[in-house]
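Below, read A as the first sequence line, B as the second, and so on, with proteins coming before strands; counting in each chain starts at 1.
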Amino acid sequence: MFLSVQPMHIPDGFLSVAVSVLLWLLSVAAIAYALQRVNRELGERQVPLMGVLAACIFAGQMLNFSVTGGTSGHLMGAAIATILLGPWAAIIVMTAVVSVQALIFQDGGLLALGANLFNMGVIGVTVSYFAYHTLRRLTGDKPWSIIVSGFVAAWLSIFIASLAVALQLAVSGTSPANVAVAAMGGVHALIGIGEGLITAGALAFLLATRRDLVGAGAPRGESSRTVWLGGLAIAALLAVLAPLASAHPDGLEWVAEQSGFLDRAQGPLYNIIPDYLLPGVSNEALSTILAGIIGLLIVAGVTLAVGQSRRRRASEGETK
Amino acid sequence: MTHAHFLDPYRPRASLIHALDPRVKFLLAVGFILAAALTPPAAWAAYILLAALALAATVLSELGVGYVLRRSGLALPFVLAAFPVLFTLDGAALLHFRLGPLVLTLSDAGLVRFVSIALKSWLSVQAAIVLAGTTPFPELLLAMRSLRIPRLLVAIIGLMWRYLFVLADEALRLMRARAARSAAAAEPGRRVGGTVAWRARVTGGMAGNLFLRSFDRADRIYNAMAARGYDGEVRMLPIPRVPLGQRVLVGLALAGLALVVLLGYLL
């Protein structure tokens, strides 16, 4: 299960604190709004449904098919959730899935969870919604319309989300924009095909067995126009930003430096205490060695204490 | 046909860390990860101290150092994303590679940034593993609630966890049925089965079937809940207070982590 760690889940350590916090704020705002909408629009029946469907998407990520030589395609699920449940419930379901992946299975970091929620929840769902319903309107009542729209929505949700990951890595200074955008975009353009094929297959199956389920996430009046516009905005913004960033690899960092938030993220204390050294510890190598010794002492102390308490527990067990 | 990915990582032990309040553990884990993120690149002394803290927590938790280290390799493939940094940062050249028409130059600044990112990520994963390994899921739900996460979301995450293993088994049944009806060639390299698109279509059908079973199951669950008096209101037990001693512990530990970050900047 080498590929069970998907390249879409950003672990901790790869994003700067400023980027992590900003995306946390954006995700929390979007999720709070989605919760409000779900509370208002859906009945009490939906609570167990959303829980079970979150588990279903989680379990559905196990279903894979071999592509070639050990690689396999599998499901992220944002598109199918959006099509079946509508955008607001889909954001909640994806939030549950991505949070549990981070919290329990270390698929993606905790500090980076805000970013992962944003990429797979907010971006994945809004882009799917926008793509699916635009295409459905364009293709009308053709029998293949739902399946083709589902394929495109799923592919686009993966591709656009991966561009967002690349840009976040670039702004954090983890990966140069020109390489990150090309690599992430290229890999996920392929992964997206798998996602699209599975989504289309699932829709074809549901059309054949339970046609009523597929129409359930259809747009209802102005409530979903926000999501549609959001999807359009995200897709357009990333479509412009990504090539721009890859043409000028330093462009993003330049913008970040100009607006000052890279500085604030990376060296706030530097400016307050420039070139300060601890009294008595003037040598960098010396301080590293000192840290090593302190670290060794901590670990050795803890190990001894745990060993002691284990032995005591064992002997107590014997005397009882 | 087991699936390691779906094993509950919680391991019951009688350790000190297991006995801590889940909120305390959660705060400490997030504080540790935040400290690792805030530490500047190349602050080796601070990294050593953080690694010692992570190792100490692992030993205290009695999860087994080998277990935590094995699991912490999980996030390793993502390091590839930071790989280009090795060659694109300006700095003193260490090595030259020739890759076709391309000449890649490994710079010292790039190497430092890359190793720093990999180390921070690795340390953060260890903290998350200790948290998940020592805290049963219902206690994590309690921690979520005291973090003011809306009840509806907590209830959905709780239901998801409850049915995750049921649906994982369902997915395994689907895969076993597919395997039982599929042929495999004895000699390697011989093509069996349909095209990739056909295989994907079949997998899609299985995913659709999983969705269908989930819809049906959700109906049954709702009926069962309604039979026991569910009326749409999510009711939960009141949250107990964190003991004073553990509050002091959190304060001390976070101050210690802040000190490590400060050291990272000073040295």
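Of the atoms belonging to Met206(B), heavy atoms from both backbone and side chain fall under 4.5 Å from chain A. With a 4.5 Å cut-off on non-hydrogen atoms, Val79(B) touches chain A through its backbone and its side chain both. Of the two parts of Glu62(B), the backbone and the side chain both hold a non-hydrogen atom closer than 4.5 Å to a non-hydrogen atom of chain A. For Thr174(A), the parts lying under 4.5 angstrom from a heavy atom of chain B are both the backbone and the side chain. In this structure, chain A has no heavy atom under 4.5 Å from any part of Ala226(B). In this structure, chain A has heavy atoms under 4.5 Å from both the backbone and the side chain of Leu210(B). With a threshold of 4.5 angstrom between heavy atoms, Leu169(A) approaches chain B through side-chain atoms but not through N, CA, C or O. Both the backbone and the side chain of Asn209(B) come within less than 4.5 Å of a heavy atom in chain A. When heavy atoms are compared at a cutoff of 4.5 Å, Val47(A) approaches chain B by way of both its backbone and its side chain. With a 4.5 angstrom heavy-atom cutoff, Leu297(A) does not touch chain B via any of its atoms. Heavy atoms closer than 4.5 Å to chain A are found nowhere in Ala36(B), neither backbone nor side chain. Looking at Ile117(B), the atoms closer than 4.5 Å to chain A (heavy atoms on both sides) sit in the backbone and in the side chain alike. Using a 4.5 Å cut-off between heavy atoms, Leu206(A) contacts chain B through its side chain alone, with no backbone atom that close. Only the side chain of Arg210(A) comes within less than 4.5 Å of a heavy atom in chain B; its backbone stays farther off. Proximity to chain A is limited to the side chain of Phe137(B), based on heavy atoms less than 4.5 angstrom apart.
Across Val125(B), Leu60(B), Val166(B), the residue that shares the most heavy-atom pairs under 4.5 angstrom with chain A is Leu60(B). Across Pro11(A), Ala54(A), Ala166(A), Gly295(A), the residue that shares the most heavy-atom pairs under 4.5 angstrom with chain B is Pro11(A). Contacts with chain B were tallied for Ile57(A), Ile294(A), Val100(A), Ile92(A); Val100(A) has the most, counting heavy-atom pairs under 4.5 Å. Between chain A and the residues Leu34(B), Leu53(B), Ile129(B), the largest count of heavy-atom pairs under 4.5 Å involves Ile129(B). Here Leu212(B) is the residue among Leu212(B), Ile157(B), Leu55(B), Leu16(B) with the most heavy-atom pairs under 4.5 Å with chain A. Here Ala202(A) is the residue among Ala202(A), Gly108(A), Ala96(A) with the most heavy-atom pairs under 4.5 Å with chain B. With respect to chain B, the highest number of heavy-atom pairs below 4.5 Å among Ala183(A), Ser309(A), Ala291(A) belongs to Ala291(A). Ranked by heavy-atom pairs under 4.5 Å with chain B, the first of Val97(A), Thr209(A), Ile31(A), Val93(A) is Val97(A). Heavy-atom pairs under 4.5 Å with chain A were tallied for Ile221(B), Leu167(B), Thr39(B); the largest tally goes to Leu167(B). Ranked by heavy-atom pairs under 4.5 Å with chain B, the list Thr199(A), Ile80(A), Leu203(A) is led by Ile80(A). Interface check for chain A: of the options Leu119(B), Leu140(B), Leu152(B), the most heavy-atom pairs under 4.5 Å are formed by Leu152(B). Among Val30(B), Leu131(B), Asp231(B), the residue with the largest count of heavy-atom pairs under 4.5 Å with chain A is Asp231(B).
Atom-to-atom distance recorded for Arg310(A):CZ and Arg13(B):CZ is 8.0 Å, nearest 0.5 angstrom. Between the CG atom of Leu110(A) and the CD1 atom of Ile33(B) there is a distance of 4.0 Å, given to the nearest 0.5 Å. Atoms OG and CG, on Ser99(A) and Leu153(B) in that order, are 6.5 Å from each other to the nearest 0.5 Å. With rounding to the nearest 0.5 angstrom, the OG atom of Ser121(B) is 11.0 Å from the CD1 atom of Ile10(A). For the atom pair CG of Asp12(A) and CD of Gln126(B), the computed distance is 12.5 Å after rounding to the nearest 0.5 Å. The CG atom of Leu159(B) lies 11.5 Å from the CG atom of Leu53(A); values are rounded to the nearest 0.5 Å.
The minimum heavy-atom distance linking Ala37(B) with Val17(A) is given by the pair CB-CG2, 3.8 Å. Here the closest non-hydrogen pair linking Val179(A) and Pro84(B) is CG1-CG, 3.4 Å. The minimum heavy-atom distance between Met160(B) and Ala55(A), with the atom names listed, is O-CB, 3.5 Å. Taking all atoms of both residues into account, the shortest heavy-atom contact from Phe205(A) to Gly205(B) is CG-O, 3.8 Å. Among all heavy-atom pairs drawn from Ile198(A) and Ala207(B), the shortest one is CG2-CB, 4.0 Å. Between Ile298(A) and Ala56(B), the shortest heavy-atom contact is CG2-CB, 3.9 Å.
The shortest side-chain heavy-atom distance between Ile104(A) and Trp161(B) falls under the 4.5 Å cut-off. A 4.5 Å side-chain heavy-atom check between Leu49(A) and Tyr222(B) finds every atom pair outside the cut-off. The closest side-chain heavy-atom distance from Asn223(B) to Arg45(A) is below 4.5 Å.
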Can you check side chain to side chain contact (heavy atoms under 4.5 Å, CB included) on Phe215(B) and Leu84(A), steps first, answer last? CA-CA 11 Å; Phe215(B) 274 107; Leu84(A) 293 179; 4.1 Å; yes

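In this structure, Phe14(A) and Phe78(B) have perpendicular ring planes: the angle between them is above 60°, well past the 30° mark.
Residues forming a side chain to side chain donor-acceptor pair (under 3.5 Å) with Tyr230(B) (at least two apart in sequence, or on another chain): none. Here Phe26(B) pairs with nothing under the ring-ring contact (aromatic ring centres under 6.0 Å, His included) rule; sequence neighbours left out.
Side-chain N or O atoms of Gln106(A) include one that pairs as donor or acceptor with a backbone N or O of Ala128(B) at under 3.5 Å. Of the possible donor and acceptor atoms, none in the side chain of Arg201(B) sits under 3.5 Å from a partner among the backbone N and O of Ala204(A).
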